[in-house]
Each structure stands twice: as C-alpha cells, then as structure tokens.
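The block underneath contains the structure these notes are about, expressed in structure tokens.
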Amino acid sequence: MSVAEYMHLCLNDPRHGYYPNQTAIGREGDFITAPEISQMFGELIGIWVLAIWQAIGKPNPFILAEAGPGKGTLMADLLRATAKHPGFNGCAKIKLIETSSAMIKEQKDRLSGHLDNIEWLDNLDQLEDLPLILIANEFLDVLPFRQFIKTKKGWFEHCIGLNENGRPEWVTGTAMPDLQKMPETANSASDGSVFEMSPAREAWMQLLSERIVKFGGGALLIDYGHARSQFGATFQAVRDHKQVDPLETAGLADLTAHVDFAALQRVSTEAGALASQILTQGEFLQMMGLAERAGTLGADKSTKQQVEIRSQAERLVMPEQMGSLFKVMAIISPEVASAVINIPPFCTIDPS
Ligand code: SAH
C-alpha cells in the first residue's frame, strides 16, 4: 500500500488507529505542541485573529474555525485574549474540525465555558457560507502524503508491503509521480532520492482557499516543514517523546511528515487567494510581540515563575528548538490585501 493509505489506517482506524485510541498530546502523551508549552502562543494567535477580523471589516456573524484542535488549549487561550475586545466573541460562530471522538471529549472539557457557541464538524466542506477565519497548528502534518523514490528506471511510488515473516517493509511500487509537481532537478536526482507530496493536503488547501476567496476571510497555518519544495524523506513516528520506526509501531505512534509550504502557496494562489510569505515560527511570534507578552505575563509573578515564562518563550522561538523548523503561512481574500500589510506574516521582515 502507499504511505498515504498506511498513514490513514494507522492514524484513523476506529479500533486500532492512533488518534481514536491513544493519549497523543501532552507530557503524559507522545508529543507536546506549542499551545501546550505556553498560553502565550494561543493568546498571540488571538491577537492575529482579531487583527484579521478588523481588516476584513468586522463581519457579524463570521466563522472562527480551528482544524485539528487537539486538547482545545489554543482555542481556549485565543478566546480569553479576544474577549478583551468588545464585540468580537459575540460575532464569532466557533467551529472545531476534528475527526477523533477522544479528542472531542478533551476539547469539550477545556472549552466548557463556550459550549453554547461551538459546533464540531469533521470536514471543511461542512462550514456555513460565511466569512471565515481559520487557524491550524500541527494539523497539516497529519494529513496523508505519498512518497516517491528515484530508481535506475526513474521515479516510482515508495510503498509498504509485507516480507516473508509478515512484517512490514519498504517496496518500490508501480505508480509514477507527476514530474510537473517536483523540483526541476528531479530527473538528475541521484538514485535513492526521495520526494514527498501530499494530494490530501493540497486538496484541503484548495478547498480552504476557494472558500476564503468566495466568502471572505483568512487563515493561519503553522506546522513543521520547509519553505521550498525539496528532496528528502521526512516520514516520522513519535511515541513517548521519542522517534521510533514508523513501520514497527502501526497505530501506536503519531505519524507525520514535513509540510511542503511552497506547494500550498502555489495551490492557494492558483485558487485566487493571496498567500503570504513563509516565516519561521520564531520570526512570526517575535513580530506578534512575544517578548512584550512574556514581560506583561511575568510582571506580578515570582522570580521562579518569570524564569519559567522566559524559558517557555525561548522554547517557542529559539532556532534550535521550535523557532526555525516550524513555519507560518497565511492566506487572505485578495480584496483586503491592503488592510493586512502590517500584519505578520503578510508584512515584510524588518531587516534590522
Ligand atoms: N492543534 C493541536 C493538535 C495537533 S495534533 C495542538 O497544537 O496541540 C492533530 C490534531 O488533528 C488532533 O486533534 C487530531 O485528532 C486531529 N486530526 C487528525 N486527523 C484529522 C482530520 N483528518 N481532520 C480533522 N482533524 C484531524
């Protein structure tokens, strides 16, 4: 089977799949995400959402959606920050796009104060026809992707089969990739080179972009990945905060791959949306005022708590931690382009 089929089964099978059956996120789970590191992450995204809502003319009502909301922490922190702005929370119809019932339960607990205003959906195409502001952190990386490998006879799909002992192993399949979607150097790449592409992510991005072009709004996408399409295998499995072999841990580990943001930029531009540049998470959070927020949050706290807040902020922005591998990209409806030029990641980086 293709990596995409393997990934879909491992993550989503109701009986044996990872998301329906395992504790994924948090110290007691398998991996930790930015909103679980610090409340400042969700608060700054709240400020971003508020700025976009103002830029698109404060529509009432509008949809505030999150794809893959995990434990609901990001949305809870976001809503606490936006509640300080009169009117915003009352205009927002909150939609959480989530496929795992175990995760929905956690989201209901965390967002218990907002349940009257939240609807759960399992797909983007179920959203109402209204202006949309969507956020997604570490969501795109869970969507299935395909791997292709260069052999002496050209590029073929890299698939997963079973060896004579019934154990999974890598095999070369027969499907060939669309070379138009690969870097120009694909033909001269050395044997054994790997290229990953995700039709599922691209289809999702196209649907999102079309919606934003048609009904107005914007979206903020944060994930680990690269700003330019490139060769290399990034398929990984994480269990108990450690990397493990993705073929040996079916259903027991989180499976992800790096997101090719350049491919998403292309898809959204073709659909008529305005795509931002791609910033690192470190650049984005600093431009959004992380240092100032950390200062305010720590102002009336003990020295120990201030040290903790500083180390959380560093973890989010330092290049050797989450600051540079994680990338941030946004899209917006083109008619409001001039209203977002001062909002990261649309604004240009100050060279100083
Ligand atoms: N955004 C959260 C969680 C990231 S983990 C955070 O930053 O902490 C990925 C999330 O996406 C989980 O909640 C998982 O259940 C959900 N998910 C996985 N596949 C999905 C799909 N196809 N559609 C919607 N949600 C999905």
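Note that the coordinates shown come from a computational prediction; the quantities given were computed from them, not determined experimentally. As the structure lists them, so they are numbered: ligands from 1, and atoms in each ligand from 1.
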Does E202 form a salt bridge (charged side-chain N to carboxylate O under 4.0 Å, His left out) with K181? I'd like the steps, not just the answer.
CA-CA 11 Å; E202 291 180 21; K181 294 197 163 176; 3.4 Å; yes

re atom 6 (C) of ligand 1, the protein heavy-atom contact at minimum distance is T33 OG1, 3.4 Å

So is P35 in contact with ligand 1, going by heavy-atom distances below 4.0 Å?
yes

Those residues at least two apart in sequence (or on a different chain) that pass side chain to side chain contact (heavy atoms under 4.5 Å, CB included) with T151 are I149, K153, F156, T172

Find all atoms of ligand 1 within a distance of less than 4.0 Å from any non-hydrogen atom belonging to S100, and give their numbers and elements.
15 (O)

Record the part of L11 in heavy-atom contact with ligand 1 below 4.0 Å; permitted values are side chain, backbone, both and neither.
neither

Carefully, step by step, assess T234 and Y224 under the rule side chain to side chain donor-acceptor pair (under 3.5 Å).
CA-CA 10 Å; T234 69; Y224 43 88; over 6 Å; no

Among G42, G68, A67, P20, whose heavy atom sits nearest atom 2 (C) of ligand 1?
G68

Measure N137 to ligand 1 on non-hydrogen atoms and call it side chain, backbone, both or neither using the 4.0 Å cut-off.
both

Any N or O of K71 that comes nearer than 3.5 Å to an N or O of ligand 1?
no

If we only count N/O pairs under 3.5 Å, is G70 in contact with ligand 1?
yes

Could you list which atoms of ligand 1 come closer than 4.0 Å to a heavy atom of I25?
3 (C), 5 (S)

Those atoms of ligand 1 less than 4.0 Å from some heavy atom in M103:
13 (O), 15 (O)

How close does the nearest protein non-hydrogen atom get to atom 18 (C) of ligand 1, and which residue and atom is it?
V142 CG2, 3.5 Å

Side-chain cluster (under 4.5 Å, hydrophobic types only) that I341 belongs to, other residues
none

With no hydrogens and no angle check, is any side-chain donor or acceptor of D260 less than 3.5 Å from a backbone partner on G225?
no

Output field: ring centroids W155/F231 closer than 6.0 Å:
yes

Give a yes/no verdict on whether any heavy atom in L74 is under 4.0 Å from an atom of ligand 1.
no

Heavy-atom distance under 4.5 Å between the side chains of L124 and L134, does that happen here?
yes

Determine whether the aromatic ring centres of residues F235 and F145 are separated by less than 6.0 angstrom.
yes

Atom 4 (C) of ligand 1: closest protein heavy atom, distance to 0.1 Å, is E138 O, 3.4 Å

Beyond-backbone contact of F62 with C91, side-chain heavy atoms, under 4.5 angstrom:
yes

Salt bridge (charged side-chain N to carboxylate O under 4.0 Å, His left out), that's the test. Do R146 and E157 meet it? Break it down for me.
CA-CA 7 Å; R146 295 171 73 182; E157 183 141 27; 2.7 Å; yes

protein heavy-atom neighbour closest to atom 14 (C) of ligand 1 works out as E98 OE2, 3.4 Å

Protein heavy-atom partner closest to atom 20 (C) of ligand 1 - residue, atom, separation in Å
T99 OG1, 3.2 Å

